[in-house]
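Data block below; observations after.
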Amino acid sequence: MARDIAKQIGITMAADSFVDERLLEKVPRWRNYLEAKLGFRNHWYPVKFSNEIAEGEVVKAKLMGEEILLKRVDGKIFAIRDRCLHRGVKLSEKVECYTRSTITCWYHGFTYKWDSGTLCDIIASPKTPIIGKKKLRTYPVEEAKGLVFVFVGDDGLEPHSLSRDVPHFFLDDDMVVFGSSYMVRSNWRLGCENGIDDLHIYLHRQSPLIVNTQRSLPLGHTDRPDDYFELYEDADGPKGVGTRKFRDAKPMAYEGVVEGKVVVTGTKMHASPEEAARKRTTGHFVCLPGVLRVDNFPYVDHVQFEWYVPVSEDEHLYIITIGKRCVTEEERVEHEHQFIHRWKPNALEGFNNEDVFAREALQPFYNNDANWLEEVLVREDHGIVLWRELCHRHSTGVQKPSDIV
Amino acid sequence: MARDIAKQIGITMAADSFVDERLLEKVPRWRNYLEAKLGFRNHWYPVKFSNEIAEGEVVKAKLMGEEILLKRVDGKIFAIRDRCLHRGVKLSEKVECYTRSTITCWYHGFTYKWDSGTLCDIIASPKTPIIGKKKLRTYPVEEAKGLVFVFVGDDGLEPHSLSRDVPHFFLDDDMVVFGSSYMVRSNWRLGCENGIDDLHIYLHRQSPLIVNTQRSLPLGHTDRPDDYFELYEDADGPKGVGTRKFRDAKPMAYEGVVEGKVVVTGTKMHASPEEAARKRTTGHFVCLPGVLRVDNFPYVDHVQFEWYVPVSEDEHLYIITIGKRCVTEEERVEHEHQFIHRWKPNALEGFNNEDVFAREALQPFYNNDANWLEEVLVREDHGIVLWRELCHRHSTGVQKPSDIV
Amino acid sequence: MARDIAKQIGITMAADSFVDERLLEKVPRWRNYLEAKLGFRNHWYPVKFSNEIAEGEVVKAKLMGEEILLKRVDGKIFAIRDRCLHRGVKLSEKVECYTRSTITCWYHGFTYKWDSGTLCDIIASPKTPIIGKKKLRTYPVEEAKGLVFVFVGDDGLEPHSLSRDVPHFFLDDDMVVFGSSYMVRSNWRLGCENGIDDLHIYLHRQSPLIVNTQRSLPLGHTDRPDDYFELYEDADGPKGVGTRKFRDAKPMAYEGVVEGKVVVTGTKMHASPEEAARKRTTGHFVCLPGVLRVDNFPYVDHVQFEWYVPVSEDEHLYIITIGKRCVTEEERVEHEHQFIHRWKPNALEGFNNEDVFAREALQPFYNNDANWLEEVLVREDHGIVLWRELCHRHSTGVQKPSDIV
């Protein structure tokens, strides 16, 4: 009844949400997505590259609004909340690790175990009864393919397999990835949506990557078959939206027309049809909790995996990796060499910087939650709609203000 | 009934307003004015000088919280909203004009006609059905006296004549004006109120303009006839508050007294009474949407027109112009010369800089909406009260949050 | 009934409070303290040292969110609100004092008496009827021990004796104090709580003061007698919480243990037991409105008095003084010499800088009002709880938003 009165008089009840209830009610099919300003809980997120955390090193990260600390002990990485239980100061203000398996707060000597978060000692008050009875929040950690993944989950929930939170093929034995990360001044959802946006190739028409790889790049698309998108909703796999192989399936526009005249052209290589086809991006797949795979990109036989990791309301960590199947050590070394000297400058910091520009330009509009209802999506934005609805259906918990108190 | 309950329990309903309903209710006679933090809609506002927009140039402006873009095509200026319909990015992030009559969004190639705002093409998606069916907001533009005026109006409303939004005489054929503009860190209403403030001449007592023009300047006024102010509310003319010619009508105070002793004096020139009278400011007139005329100022036979154009809650564009009636080209050239070498340094940037200082000093207090009810106006502030009430009565629409979404 | 409905539907009524009603209701025993983000009214607060205000000088200060102006006239200091009644500008934007006993607003010449705040003249409008009928807020001022105290009180309330708002002994005839002040980026309550925190000595274990004074400093405490704290609630004295002399009464921990091993040690001087006891801090006392006395600190026969003066929600002025009983002028001179060359660098800016670091580290957590309910206090924080409850019981008025409008 209380809620009824509130509704009747047009008032939003004080709720544990980053987004106003009145807006959420207007998008029943993707309400959880609109609410997930700081991301979805109960997922694995990469926060660092493995080589950014040396043995014994303590490193800070911010994930979904939570400040965390990571430490590598005997090779294994542990993660705890960077906030003393006692009076809320950050342990990272002055890191004190008297033993390998503990961290001590600089203020009163509250000491926690890295593995369990247990408050095992208080130096300034060694006999106080709460010792051994309280725990700092801990986060499961897994390393894979040179990335450090952290699970942000509800208390008592056993984390599911990492394979459910990464695109297919990423964990394949012969897949070798190299990458880099960038802090972007936009919400993580704008990262995803730009990533799967079929039309934003217009933005990349002068990218150095196109010339460097001698590939074709149209300006857009003229139409699309009805069965172009495919939903992935198997219980055991990643939940996502993919495109079917779009070679030949998606008519492309190489000529940009304004008022009936061609005013700009895409890049169409005068290669054999076979070579052109071979060099074409062949599809993409986006899945929860916000990671994209692009096939045959940035080059033949390569695949790009990239994450949009929620940091704060207006920041995400953009982790870009380039994967390639390598069997021998020589292939691995050659792939690394190419990554450093070709793909990092041309793809990550050539092509993808243009995406960063776009996402940061989107932020002022979407920063106003109400504007999510003011956009004017077109037919070709259908993939974005499918993605929002899929996130809504498979939400395992929206990050709420009470989660980051 | 919903509103009744809300009121009964002391809660302000979520409203489309920049100002709390509870405050507005306390000032029924000038409620619209208190609410018009971003100005009044359905008026002409100057945003640039004509010579700031060359043929073919695209220029940004911000008016009443709305970001707009202007372009001059074949001499005529067009104005559109600087925000793509599709996903809300600013067109100005990267201006792309493939044809003279269109502008294209850098992100997906959404292309709009400058004149109508019509979405005429989408480069990345040339066949999508919404082409031709959506429009970007456009703004009527008029140029007069070297100023570019933009009409911020409701959809479908035909703009009224510019003559209703400028003081009398400004559009007279022989009136020649030169001016300059300054961004001021205060709300536009504080600009108006300082402009028509009878007592603020105290602030200007040491202004270089006084010496430069050898005119008298009292420190204040001792009293005022009852019929000192005149209201202008004709349907066809500007709505405003003017003073009657106050030569002799307003006793002046040249001696500043504190605790019975003269502690400061105004400037009283020892000229003949005729010359003193001739050099005196003879009246002022302020009208909607926030423009002031000062007669016989800054000098004999000159008239100052100045606008306080709402930009954001705490900024206005202060456009100052000095007008003089000129019949011959020689007179025009001489007036321009005097403007550049005498009035710009001495009046605009000597005298009026002191006003800018005062308005910016007012901002912290009035930035708190509740403080509009805490001020202690005196009898001599009557003109300000009349102005607020006139704005309330003749409001043609307050700029609301939904207008700038 | 209105309040009942509001409560029933979970809505906080618009209230004149810096803190949400729903939080306040959860801490009935220290509700006033939680609400006193800007301090308690009707108390004496130091804002300057006497030597910071020379004869005739006008000086600004900010206290409990209120901007004030101080002036010394014929040796006596007066304090008024730094905001003109008329239109709210700060008098300090351009100080104009035409007579010794008045200050004039630079904008319209509103002139106020320093002693009474009376609007005695308006230069620009010398005959307006409100002259003599309005008053600017004034603040009683007292000087003691080289500090300038200001009373922030309710209208019409006669200030009580300064002796009720300072620790015992501070006003004793033979007590001579020297000190310095520092702006700290934390709420004033975090200053108090760190000051009386029995366990935070852990933080100081490497302080240069310890070596310099060759005193012992344990890392913490192992237990405490039940009658360790004493409440001071006499009507005529300061309201505070003190410790009984804790020589021998409080078992100390000199060895810091983590996982069963000693990992860090406190400083234990190998002096005679008598000398060790002589050099020990012997107690502390904190009282309203936020001032601490530490006995036998920073050295034998010295006493530290320090204030945490509320400035804004996230700033307090930290005034530290070192007192010593001096009978002769030689003793006074020697004490001043020691203060400048020994205690200022080693105590104030050696030892107490560590406290400033801690308080500023507390601020992000406690800045979120809800987090006051999320802390995990331990048994040894009992003194902090007693202090909060005492403040609640003896509150003479919480500073509210309406007080600083």
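Note that the coordinates shown come from a computational prediction; the quantities given were computed from them, not determined experimentally. Reminder, nothing fancy here: chain letters follow the sequence lines and each chain counts from 1.
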Pair A:Glu360-B:Lys90, salt bridge (charged side-chain N to carboxylate O under 4.0 Å, His left out): steps then yes or no:
CA-CA 11 Å; A:Glu360 295 188 344; B:Lys90 287 192 196 181; over 6 Å; no
Kindly compute the distance separating [atom1] ([X]) from [atom2] ([Y]), expressed to the nearest 0.5 Å.
| X | Y | atom1 | atom2 | value |
| --- | --- | --- | --- | --- |
| B:Tyr107 | A:Glu354 | OH | CD | 12.0 Å |
| A:Glu375 | B:Cys84 | CD | SG | 11.5 Å |
| B:Leu85 | A:Leu377 | CG | CG | 11.5 Å |
| B:His86 | A:Leu199 | NE2 | CG | 6.5 Å |

Taking side chain as everything from C-beta outward and backbone as N, CA, C, O, which of these in [X] sits under 4.5 Å from a heavy atom of chain A? Side chain, backbone, both or neither.
| X | result |
| --- | --- |
| B:Glu67 | neither |
| B:Ile130 | side chain |
| B:Cys105 | backbone |

Tell me, out of [options], who's got the most heavy-atom pairs with chain B below 4.5 Å.
| options | result |
| --- | --- |
| A:Tyr366, A:Phe365, A:Tyr202 | A:Tyr202 |
| A:Lys261, A:Arg205, A:Glu374 | A:Arg205 |
| A:Val258, A:Val263, A:Leu219, A:Leu203 | A:Val258 |
| A:Asp381, A:Leu190, A:Ile201 | A:Asp381 |

So what's closer than 4.5 Å to chain B heavy atoms on [X]: side chain, backbone, both or neither?
| X | value |
| --- | --- |
| A:Leu373 | neither |
| A:Ala370 | neither |
| A:Asn194 | both |

How about B:Lys134: does its NZ atom have over 12 heavy atoms from other parts shown lying under 6.0 Å from it?
no
Atom CZ of residue position B:Arg100 - does it have more than 12 heavy atoms of other residues, nucleotides or ligands inside 6.0 Å?
no
Step by step, would you call A:Phe357 with B:Glu93 a side chain to side chain contact (heavy atoms under 4.5 Å, CB included)?
CA-CA 9 Å; A:Phe357 174 86; B:Glu93 292 278 355; 3.9 Å; yes
Should A:Asn371 and B:Arg87 be marked as a side chain to side chain contact (heavy atoms under 4.5 Å, CB included) after you check the CA-CA gap, both sets of side-chain angles, and the distance that decides it?
CA-CA 9 Å; A:Asn371 276 342; B:Arg87 308 209 63 183; over 6 Å; no
Pick from B:Cys120, B:Ser125, B:Pro129: which one has the most heavy-atom pairs with chain A under 4.5 Å?
B:Ser125
Do A:His221 and B:Lys127 come within less than 4.5 Å of each other through their side chains, counting heavy atoms only?
no
Any luck finding a side-chain donor-acceptor pair between A:Glu259 and B:Ser101 under 3.5 Å?
yes
Take A:Val378 and B:His108 through the side chain to side chain contact (heavy atoms under 4.5 Å, CB included) test and state the conclusion after the steps.
CA-CA 11 Å; A:Val378 294; B:His108 302 92; over 6 Å; no
Check step by step if side chain to side chain contact (heavy atoms under 4.5 Å, CB included) holds for A:Val264 and B:Ile123.
CA-CA 9 Å; A:Val264 56; B:Ile123 292 179; 4.0 Å; yes
